[in-house]
Amino acid sequence: MTRVLSGVQPTGNLHLGNYLGAIKNWVAMQEIHDCLYCIVDLHAITVPQNPGHLRNATRETAAAYIACGIDPKKSAIFHQSAVAEHSELAWILSTMTPLGWLNRMTQFKEKAGKHKDNSCLGLYSYPVLMAADILIYKATHVPVGEDQKQHLELARDIAGAFNRQYNQEYFPLPEPLILGDATRVMSLRDGTKKMSKSEESDNSRINLTDSPELIAKKIRKAKSDAEMGLSYDEKNRPEAANLINIYSAITGEKKKSITAKYAESGFAPFKRDLAEIVSEHLAPISSEINKLQADPAYLDSILKDGVEKARAIASANIKEIKDIIGFLTA
Ligand code: TYM
């Protein structure tokens, strides 16, 4: 059996990177796999969150999943904190994760920066909780953006460590699925930095709920370079490469054909067309998000169903895991 699990942090402002790198790829998987799409609120609190904002952002993320094409009848849409087995397994796995493995995680180094001693234990052990999110369902495939690759490798290592310790192939080693032409969408202000929710300038990203006018403005103002004509060169022209990747990921058109079209004309017409393509693609998603958000009771009922589906699998697995470890089952 194949099972897919993935998740997004409910920190508001879902952007084009979350969509093209992750959620867009989740949709087709519903046809072939058993899919669980989690809203990882326990991960969100590794940086302080306002309770009201967290509640809204959790519902907003559920709305975004549905608006992007996740069908609650086919997939479980649920929030992580409601399925306690995630945290329970995270503790168990933390006892099998050498500190050396966590010390290699580049995302912790980036997030903690120079303030390592003041950052919290949860931020450091975050990848163990992420491994638990996946392994509690014995998920086989995990569709994510490029930035999560290292965490996925760690999840495989942790699964292997458990299997070795208890001398059985209990956990499948989860496969990362990093798909499409925009696995790492970059900031519109700096083509060497990832597009991110936490970046201060809103002009650096396109949010799924931005209006067509705002999208056009952000793309018009996006950093470009002084070269005439469009060409794809990730190393020397990162901003152009990023915009071409976005164009290609949305239209499905090959990069070669895109650069051929704009080889003579330069950035202005390319950006104009790109703005139109992005706005047209996001308009129905954005209006569906707004519509769904106006009905929190409906969103809560979807989450409740999703939690039930997820809990049924997680509670059966945690029983087996506890038995393997030697915990008495009362
Ligand atoms: P998060 O919330 O930062 O991002 C959610 C998903 O969006 C992808 N993504 C991007 N893809 C391309 N370009 C970008 N600029 C970009 N920014 C974000 C991420 O790769 C991710 O797929 N730790 C995870 C959430 C998580 C998770 C899990 C994922 C927790 N448990 C278990 C999979 C399985 C995170 O912080 O994602």
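Indexing begins at 1, ligand by ligand and atom by atom, following the structure's order.
A distance below 6.0 Å separates the ring centres of His86 and Tyr137. Two rings, from Tyr166 and Phe162, have their centers less than 6.0 Å apart.
Of all the heavy atoms of Met195, the ones lying under 4.0 Å from any atom of ligand 1 are found in both the backbone and the side chain. Under 4.0 Å from ligand 1, the heavy atoms of Thr183 that appear belong solely to its backbone. For Lys197, every heavy-atom contact with ligand 1 shorter than 4.0 Å involves the side chain, none the backbone. At a heavy-atom cutoff of 4.0 Å, ligand 1 is contacted by the side chain of Asp133 but not by its backbone.
Under the 4.0 angstrom criterion for non-hydrogen atoms, Met186 is not in contact with ligand 1. The closest approach between His15 and ligand 1 falls below 4.0 Å for a heavy atom of the residue.
In this structure, atom 6 (C) of ligand 1 lies nearest to the protein heavy atom Ala22 CB, 3.7 Å. Scanning the protein heavy atoms around atom 2 (O) of ligand 1, the nearest turns out to be Gln9 N, 2.9 Å. Looking from atom 36 (O) of ligand 1 to the surrounding protein, the closest heavy atom is Tyr126 OH, 2.5 Å. Protein heavy atom nearest atom 18 (C) of ligand 1, with residue, atom name and distance: Asn18 ND2, 3.3 Å. At the shortest separation from atom 19 (C) of ligand 1 among protein heavy atoms lies Asp147 OD1, 3.3 Å. Scanning the protein heavy atoms around atom 28 (C) of ligand 1, the nearest turns out to be Met130 CG, 3.5 Å. Of the protein's heavy atoms, Gln148 NE2, 3.8 Å lies nearest to atom 37 (O) of ligand 1. Protein heavy atom nearest atom 25 (C) of ligand 1, with residue, atom name and distance: Gly7 O, 3.7 Å.
Between Arg184 and Asp147 no salt bridge is recorded (no basic side-chain N to carboxylate O distance below 4.0 Å). For Glu199 and Lys194, the salt-bridge test fails: no basic side-chain N is under 4.0 Å from an acidic carboxylate O. Looking at Glu288 and Lys291, a side-chain N of the basic residue comes within less than 4.0 Å of a carboxylate O on the acidic one, giving a salt bridge. Taking the charged nitrogens against the carboxylate oxygens, Asp202 and Lys218 do have a contact shorter than 4.0 Å, which makes a salt bridge. Between Asp190 and Lys223 there is no salt bridge, since no side-chain nitrogen of the basic residue lies less than 4.0 Å from a carboxylate oxygen of the acidic one.
Contact of the Arg237 side chain with the Ser231 side chain is registered, since non-hydrogen atoms from C-beta on lie closer than 4.5 Å.
When only interatomic distances are considered, the shortest N/O to N/O separation between Lys194 and ligand 1 does not fall below 3.5 Å. At least one N/O-N/O distance between Val185 and ligand 1 falls below 3.5 Å. Of the polar atoms of Gly145, at least one N or O is found under 3.5 Å from an N or O of ligand 1, judged by distance alone.
For Ser94 (side chain) and Trp91 (main-chain N/O), a donor-acceptor pair under 3.5 Å exists by modelled atom type. Of the possible donor and acceptor atoms, none in the side chain of Ser75 sits under 3.5 Å from a partner among the backbone N and O of Pro72. Using modelled atom types, one side-chain atom of Gln30 and one backbone atom of Asp71 make a donor-acceptor pair closer than 3.5 Å.
With ligand atoms numbered from 1 in the order given, ligand 1 contributes 11 (N), 12 (C) to contacts under 4.0 Å with heavy atoms of Gly21. Of all atoms in ligand 1, numbered sequentially from 1 with element shown, those under 4.0 Å from a heavy atom of Val142 are 33 (C), 34 (C). In the vicinity of Leu5, heavy-atom distances shorter than 4.0 Å reach the ligand 1 atoms 32 (C), 34 (C).
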From CA spacing to verdict: side chain to side chain contact (heavy atoms under 4.5 Å, CB included), Met186, Met195: CA-CA 5 Å; Met186 307 310 272; Met195 183 178 284; 5.9 Å; no
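Which of Gly17, Gly180, Ser198, Pro174 comes nearest to atom 10 (C) of ligand 1 through a heavy atom is settled by distance: it is Gly17.
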